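Below is one structure, written out as structure tokens; the observations come after it.
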Amino acid sequence: MQTDPQLQLRKQALLLKIQAQRQLWHLQTEQFRSEHRLADMAQRVIGQAGDTFKKRPLTIGLGILALAVLKPGRALRLAQAGLQAWRLWQDLSASRTDPPPPR
């Protein structure tokens, strides 16, 4: 059975069109997947922040209040000073529990 040459050309054109549509669909779904990954990550971060707030509402509330009252720059400097004081406290506590060096 012989096929019509026009029919073969039409078939080839349709196959090429299908291939182009598949490639376009793949590119569009890849973009959607990357945006979806970003949304999942944001949801995870917000969920973790919510869990932290539920565990320590007073600490988080005081931090937000400090930011509102002290302004961000001043609050950051205060937080850095607090972190340094905490580290110093930890170092001093560790040195008090260590046995004295032998003489």
Side-chain angles (χ1 to χ4, degrees):
M1 175 175 164
Q2 277 191 336
T3 58
D4 187 18
Q6 282 185 331
L7 203 54
Q8 284 182 340
L9 286 175
R10 175 99 171 116
K11 181 181 176 181
Q12 288 296 332
L14 288 173
L15 288 173
L16 289 173
K17 184 178 177 182
I18 290 170
Q19 183 181 9
Q21 287 175 343
R22 283 183 180 157
Q23 289 174 347
L24 179 63
W25 180 76
H26 179 73
L27 289 173
Q28 289 171 341
T29 55
E30 184 60 36
Q31 180 182 2
F32 175 76
R33 276 189 229 117
S34 67
E35 291 172 1
H36 190 47
R37 280 190 292 267
L38 180 63
D40 283 345
M41 185 177 66
Q43 181 183 13
R44 214 172 19 257
V45 168
I46 291 170
Q48 289 172 350
D51 291 343
T52 302
F53 186 73
K54 287 177 188 174
K55 291 177 185 174
R56 298 179 186 92
L58 182 62
T59 306
I60 303 296
L62 288 175
I64 291 170
L65 181 65
L67 276 175
V69 171
L70 298 176
K71 297 183 182 169
R74 222 179 295 161
L76 181 61
R77 286 191 299 274
L78 183 64
Q80 287 172 338
L83 181 61
Q84 288 174 349
W86 180 77
R87 285 181 180 163
L88 179 63
W89 178 263
Q90 294 297 313
D91 290 344
L92 289 174
S93 296
S95 67
R96 292 180 78 200
T97 58
D98 291 342
R103 292 186 177 198

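One is the number of the first residue; the rest follow in order along the sequence. Small disclaimer: the values here were computed from a predicted structure and weren't measured.
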Exercise. Can you establish whether the number of heavy atoms outside Q43 located under 6.0 Å from its atom CD is more than 12?
Key: no
Quiz item: Would you say E35 has more than 12 foreign heavy atoms packed within less than 6.0 Å of its CD?
Solution: yes
Quick one: are [X] and [Y] in side-chain contact, heavy atoms under 4.5 Å?
X: M41; Y: L38; answer: yes
X: E30; Y: R33; answer: yes
X: K17; Y: Q21; answer: yes

Quiz item: Taking atom CG of L14 and atom CG of L9, what is their separation to the nearest 0.5 Å?
Solution: 11.0 Å
Exercise. Mind checking the OG1-CG spacing from T29 to L24? Nearest 0.5 Å is all I need.
Key: 9.5 Å
